[in-house]
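Worth knowing before you read on, the calculation uses all heavy atoms, side chains too, and leaves out hydrogens, waters and symmetry mates.
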Amino acid sequence: MMKIQGKGDWITESELETTFKESNRLSRPILFDKRITGNGGTTAFLKLKVPNNECYILTVPNVAVAKEKESAYLQDPYRWADNEYRFIYADAIDKSVGMSESGQLPNFIVIVADSLVRYKETLMTFNVTRLLNDENHTTIYQSSFRAVLISYTQRLQNMFPDADIVNMTATPTLHSKVDVQYIPPTVKGFTIMEQQDRELSKKKMVEDYMNGENVVCFTNNVGVIQAFKKSLNKGNPILKARFVVGDSLMKSIVGLFQVEHCEDSNLTIVSSRGFEGIDVMYEDAIQYFFEDRSLGFDTHFAANLVQAFGRCRKGAKTYNYVRLQRSNKRTEVFKNGIDSEVNDFLKSNRSPEKMLSKNILKKPNNPESNKVKNIYLPYIHFTQNEEGEVSVEARSESIDIYKELRVGDKPFPQKEYKTFFSDRSIIIKTDESMTNRVRNNRRSLKLISKNLYANRELIEKQDLFGEKYRLPIRDFSQDKSVKVSTKYGGDGLNHSK
């Protein structure tokens, strides 16, 4: 592994150039571990001057990262290189890869992974010589539910065979092989306080907020936000906060209570959508990261934890990790180890079509044997060569995620992450308090309707539900005991169709 000895707080253009030279030397994509969040890796890339007739591409896994880079450029375009930049994502100001009004083609493109596939044919006509894939850990983790990210590095290599490709992250996944590591002159670490009493942590978070402290709450669980709101004084009917959350979580929030997005609030609520790509500029922030490993959507990796805590660019006063263990052990699907069993399956006497079926014969050589669920399907994928021949290969990213999930289920901190935390000067302290879950209250349909109506301006502004969304309701015309209320904006008619 190559190591780059840093000379300052920020990665310089020349230091980043070294990673592309290493990719060129090895004639393959490499993984660059920059070790610290917010130390300017992507900024250094964006400042590089693109040679004539060449094109550089920065790919990012989600819109939040692309927006942050676009915002930084628009605030001060003169400190960047004299390139023709384009930012390509769903709501971008200019998402064209064609000529500008001045007749210039882009030579530096910042693009979200989904858009990269959409513009594939056009982009392949550009002379792409350097490509930086930012937040590589997210690309790997999200490949389990985003088909566009499956074997993403290989896909990039196939699209741009002559480009030097660097996968960059400050938090590599547990099983990733690092090729180049950045060694900062100093690493300002922090102490993570692990706690299991979610109820007590929620009370402390409310106290901090009410006392005027700058609070950041990281959670995917609407129950945490609901419990926080319930604990506030009754004189606070509206929860005012800076919300950096995904649409699905916001849809749940607006049905529970009235909210107001407030950029200058001393409370910032962040879901996994904002673990990368946002800056929180609080002074002396108090951070709370909530995780419940019994819930799939609320289960995270060490990389997610460190990335989230790195959002406070001025550091923080405390770093609270409120973690609930699984009450039962995760099912071990592969008794003899996932690597061995997937490899044996690929060697079995099955055609590619049968390997990729949802149900497979229990005994491949016996057509009369029972069919069973194909447990291998999430861990394999098909490839096709230039002659059109189809083959099936293992999905290494999915296999690594499977193994890392089970490591993460062990009591924190896990020995497997010892080097990971040590490299970042992160100290772990554990509060031995007993596990205590937050109790969530159910909300009636009447109260949900009231809250949705109260939040109608925010819902419309963010287009949370879209024009085609239809709320599933009971067929009131068949139930004479149900009365349709007009109190919160309804017209008293039965809209059951």
Side-chain angles (χ1 to χ4, degrees), residues 137 140-145 173-175 192-203 205 217-228 246 248-249 252 271-272 275 288-306 308 320-342 344-345 358-360 362 372-380 395 397-418 420-421 428-442:
H137 65 283
I140 293 174
Y141 290 142
Q142 293 189 2
S143 67
S144 62
F145 57 89
T173 64
L174 180 61
H175 298 96
I192 294 177
M193 295 296 301
E194 186 217 359
Q195 301 148 43
Q196 296 185 27
D197 192 332
R198 182 171 282 206
E199 182 67 31
L200 180 60
S201 298
K202 182 260 298 181
K203 290 179 180 177
M205 186 167 67
C217 172
F218 297 98
T219 183
N220 274 353
N221 195 331
V222 70
V224 172
I225 307 168
Q226 179 184 0
F228 176 87
S248 59
L249 180 56
S252 298
S271 71
S272 54
F275 287 178
Y288 292 87
F289 187 106
F290 289 87
E291 177 182 24
D292 185 346
R293 295 193 68 83
S294 67
L295 301 172
F297 68 87
D298 206 18
T299 295
H300 305 288
F301 300 93
N304 301 138
L305 179 66
V306 174
N320 302 291
Y321 178 29
V322 189
R323 171 190 168 96
L324 296 181
Q325 289 284 132
R326 289 179 61 91
S327 57
N328 59 327
K329 189 175 181 181
R330 198 180 298 273
T331 303
E332 189 58 62
V333 180
F334 303 99
K335 306 300 181 183
N336 299 318
I338 186 171
D339 294 287
S340 175
E341 291 199 25
V342 169
D344 289 345
F345 177 74
K358 291 183 178 180
N359 297 297
I360 56 175
K362 190 173 183 179
V372 295
K373 181 181 178 181
N374 187 355
I375 61 173
Y376 304 95
L377 198 55
Y379 310 102
I380 59 175
R395 283 174 57 182
E397 300 99 332
S398 296
I399 293 173
D400 288 346
I401 291 171
Y402 176 94
K403 293 188 287 188
E404 189 170 357
L405 269 175
R406 283 149 182 77
V407 170
D409 288 342
K410 297 178 182 179
F412 185 81
Q414 303 83 357
K415 65 180 181 180
E416 289 86 348
Y417 289 116
K418 183 178 180 180
F420 175 83
F421 287 122
I428 310 295
K429 292 185 178 180
T430 301
D431 183 345
E432 299 296 339
S433 58
M434 296 182 65
T435 299
N436 188 5
R437 297 177 182 273
V438 168
R439 303 294 191 272
N440 298 329
N441 294 331
R442 292 185 178 275

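- By the 4.5 Å heavy-atom criterion applied to side chains, Y417 and V407 are counted as neighbours.
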Audit row: T299, N220, side-chain contact (heavy atoms from CB on, under 4.5 Å) steps and yes/no: CA-CA 9 Å; T299 295; N220 274 353; over 6 Å; no
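- Rounded to the nearest 0.5 angstrom, F345 CZ and I360 CD1 are separated by 4.5 Å.
- Looking only at distances, a side-chain donor or acceptor of S398 sits under 3.5 Å from a matching main-chain atom of P378.
- Of the inter-residue distances, the one linking I428 atom CD1 with I192 atom CD1 reads 4.0 Å to the nearest 0.5 angstrom.
- Ring-centre distance between H300 and F275: below the 6.0 Å cut-off.
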Criterion side-chain contact (heavy atoms from CB on, under 4.5 Å) on I399 and D339, from CA distance to verdict: CA-CA 7 Å; I399 293 173; D339 294 287; 3.6 Å; yes
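- Judged by distance alone, the side chain of Y379 and the main-chain N or O of Y402 form no donor-acceptor pair under 3.5 Å.
- Counting only heavy atoms from C-beta outward, the side chains of R198 and N221 approach each other to under 4.5 Å.
- Remark: R406 does not engage E404 in a salt bridge, criterion side-chain N to carboxylate O under 4.0 Å.
- T331 contributes no side-chain N or O that, together with a main-chain N or O of V333, makes up a donor-acceptor pair within less than 3.5 Å.
- Looking at T430 and E194, their side chains do bring a donor and an acceptor atom within 3.5 Å of each other.
- Take Y321 and apply the ring pair (Phe, Tyr, Trp, His ring centres under 6.0 Å) test, not counting sequence neighbours, and it matches F289, F412.
- Separating the OG atom in S248 from the CZ atom in F297 is a distance of 9.5 Å, to the nearest 0.5 Å.
- Not a single salt bridge (Lys or Arg N to Asp or Glu O under 4.0 Å) links R395 to another residue, sequence neighbours left out.
- In this structure, the separation between CD on E291 and CZ on F218 is 13.5 Å, given to the nearest 0.5 Å.
- The number of heavy atoms from other shown groups lying within 6.0 Å of NZ (K418) does not exceed 12.
- Put simply, the side chain of F290 reaches to within 4.5 Å of the side chain of C217, judged on heavy atoms.
- The aromatic ring centroids of F334 and Y376 lie less than 6.0 Å from each other.
- In this structure, Q414 and G408 approach most closely via the heavy-atom pair NE2-O, 3.1 Å.
- How far CD1 of I375 is from CD of E341: 6.0 Å, rounded to the nearest 0.5 Å.
- A donor-acceptor pair shorter than 3.5 Å can be found between the side chains of Q325 and R323.
- Side-chain polar atoms of N320 and Q195 form a donor-acceptor pair below 3.5 angstrom.
- In this structure, the side chain of S271 engages the main chain of G246 through a donor-acceptor pair within 3.5 Å.
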Audit row: I401, Y141, side-chain contact (heavy atoms from CB on, under 4.5 Å) steps and yes/no: CA-CA 7 Å; I401 291 171; Y141 290 142; 4.1 Å; yes
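- Here the side chains of L249 and V222 are in contact, with some heavy-atom distance below 4.5 Å.
- For the residue pair D292 and S294, a side-chain donor N or O sits within less than 3.5 Å of a side-chain acceptor on the partner.
- Under a 4.0 Å N-O distance rule, the pair R293/D409 qualifies as a salt bridge.
- The distance from the NZ atom of K403 to the CD atom of E416 is 12.0 Å, given to the nearest 0.5 Å.
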Verdict with supporting geometry, D400 and T173, side-chain contact (heavy atoms from CB on, under 4.5 Å): CA-CA 8 Å; D400 288 346; T173 64; 5.6 Å; no
